[in-house]
Amino acid sequence: MASEAGTHSAGVDRRRVIQELEAQLARTPKAVRPHEHAALAYRLGLAHAEAPAGNPEAGLRKALSYFDVAAAIFDPRYDPVEHARVLNGAGAAHRGLGDRARAAKLFEQAAELLERQGRDDERAGVLNNLGLVRAELGQLELATAACDVAVDLFDRTSAEGRRGRVAALHTRGMAHGALGTDEGLEAALADYRQAAAETELQEAPYHHGLVQHSLGTAYSALAARQPGQRERLLAEAVAAFEESLTVFTRGAFPYQHALAKHNLGLAHAGLGGVPNLRRALAAFEDSVSVLHPQVHADAWKQAYASLERVEKELEQRVGQQRSRAEHLVALLVTCEAEERRTLLHERITRILDLPVENRRRSALTELALASARLDPEDARVVMETELSVLIELPPKQLEVGLRARLDAHRRLADDEAREEADRAFDQAISDALQGPQRIAVRDLLYSTGWERP
């Protein structure tokens, strides 16, 4: 919900900016103040191109109309920098509309105009855009050539220049990787590693996440080509995808989060073995839960197909059909404490963010029931981790989680099983929580009618 609210606010702000710029443009006669008129038209073009609300295609076409106005006023002979900026903006809009050939031509013209104008960072940014669109056109050698120049032009003494250089290294890596050969993938890894070495997480978090995700993709692709190195390369891929997810969180970057989770699942599945297949299943579940079946139809179908494929493989390996919750708790018992907590924290918080109360309650109860059915010692381990997650959440969410746990125990088949689960839970409270926390949790449980075993 917070992410949606942020997007809505950004959309409102962007519309206000556009309205204010349009009013300024109307008050700035082209015949009397041409350069001011052109500058406002250029800013309006950028605002429409970046507008998050409304029809994206309509926004890009509106942007192009304003860029045309600005380009007609800024004479490339006398205003080369300003004209180049307009061409760069128009190139990005044409790329967004799918006309990559036109975009490439505009980027080329902009780069030529900026040469010898003392605007190395701007020219480097245009060349990076040129590299991107040439790679998309399949012109991989031309793409890497443009990026070669861009990488050397960016000023590494400024934060903006460092971010630009990392972006150009990333673009060049994608062009190398698109060759699909061992040599191309190795060259891509070299570019991504260089970009990663030059990226400060605090200075450029999005770039850090993007580079790490691309590292994981390149390692995965190379693993498919080098069977002898498969395990090592997939382990590297897993580490890179997990690092990308420290930036691409579900709340901040939901789409990128879903893609990284899917690719992480593929890497786990490639490593093989029941624990890794269960890790893959959990990652695919996370991916599917974020993607919208209509808005992200292709990505959702791909992630769901991966989920079903791993479910079937697990059924064959384990010899019986188990629920996804049962597979998750079986994994929680076997993995290390840090991974156990990460997996359970992600799952519980994702469930608690579900928009419908009944779905939240039933999903939490299903998860709790799966662990309650374990051997008492294993159940206690999962319960301890569950409590360590719940105790850090707001009181209302803590209460929802505790009630789901009690509801799960009531659903157990017989009195003996319920008593064992209650004893394991009581011991987990003692072991996982500090004194004041134990008192608060037990008071809350007593208020629901629970009695200590």
Name each donor-acceptor pair under 3.5 Å that joins a side chain in residues 62-73 to protein atoms two or more places apart or in another chain, with its distance.
{"unit_1": "S65", "atom_1": "OG", "unit_2": "K62", "atom_2": "O", "d": "2.5"}

- prompt: Would one find more than 12 heavy atoms of other residues, nucleotides or ligands at under 6.0 Å from atom CZ of R43?
  reply: no
message: Whether the Q194 and E198 side chains hold a donor-acceptor pair (N or O, under 3.5 Å, no angle test) is what I'd like checked.
response: yes
Side-chain H-bond candidate by donor/acceptor type, E243 with H208, under 3.5 Å: yes
message: According to salt bridge (charged side-chain N to carboxylate O under 4.0 Å, His left out), does anything in residues 296-312 pair up with another residue at least two apart or in another chain? List the pairs.
response: E311-R324
task: Check side chain to side chain contact (heavy atoms under 4.5 Å, CB included) between T28 and all other residues, then give those that pass, not counting sequence neighbours.
output: R33, E36, H37, L40
field: All side chain to side chain contact (heavy atoms under 4.5 Å, CB included) counterparts of V441, not counting sequence neighbours
entry: I391, L402, I429, L433, L445
Among H292, H213, H296, the one residue meeting ring pair (Phe, Tyr, Trp, His ring centres under 6.0 Å) with Y255: H296
message: List the residues meeting ring pair (Phe, Tyr, Trp, His ring centres under 6.0 Å) with F253, not counting sequence neighbours, and say none if there are none.
response: Y206, F248
message: Going by side chain to side chain contact (heavy atoms under 4.5 Å, CB included), name the residues that satisfy it together with D120, two or more places apart in sequence or in a different chain.
response: L153
- prompt: Got a salt bridge between R347 and D286, using NZ or NE/NH1/NH2 to carboxylate O under 4.0 Å?
  reply: yes
- prompt: When you check the gap from the basic side-chain N to the acidic O, do R361 and E357 get nearer than 4.0 Å?
  reply: yes
query: Is it true that the side chains of R85 and N88 contain a donor and an acceptor less than 3.5 Å apart?
result: no
- prompt: Got a salt bridge between E346 and R350, using NZ or NE/NH1/NH2 to carboxylate O under 4.0 Å?
  reply: no
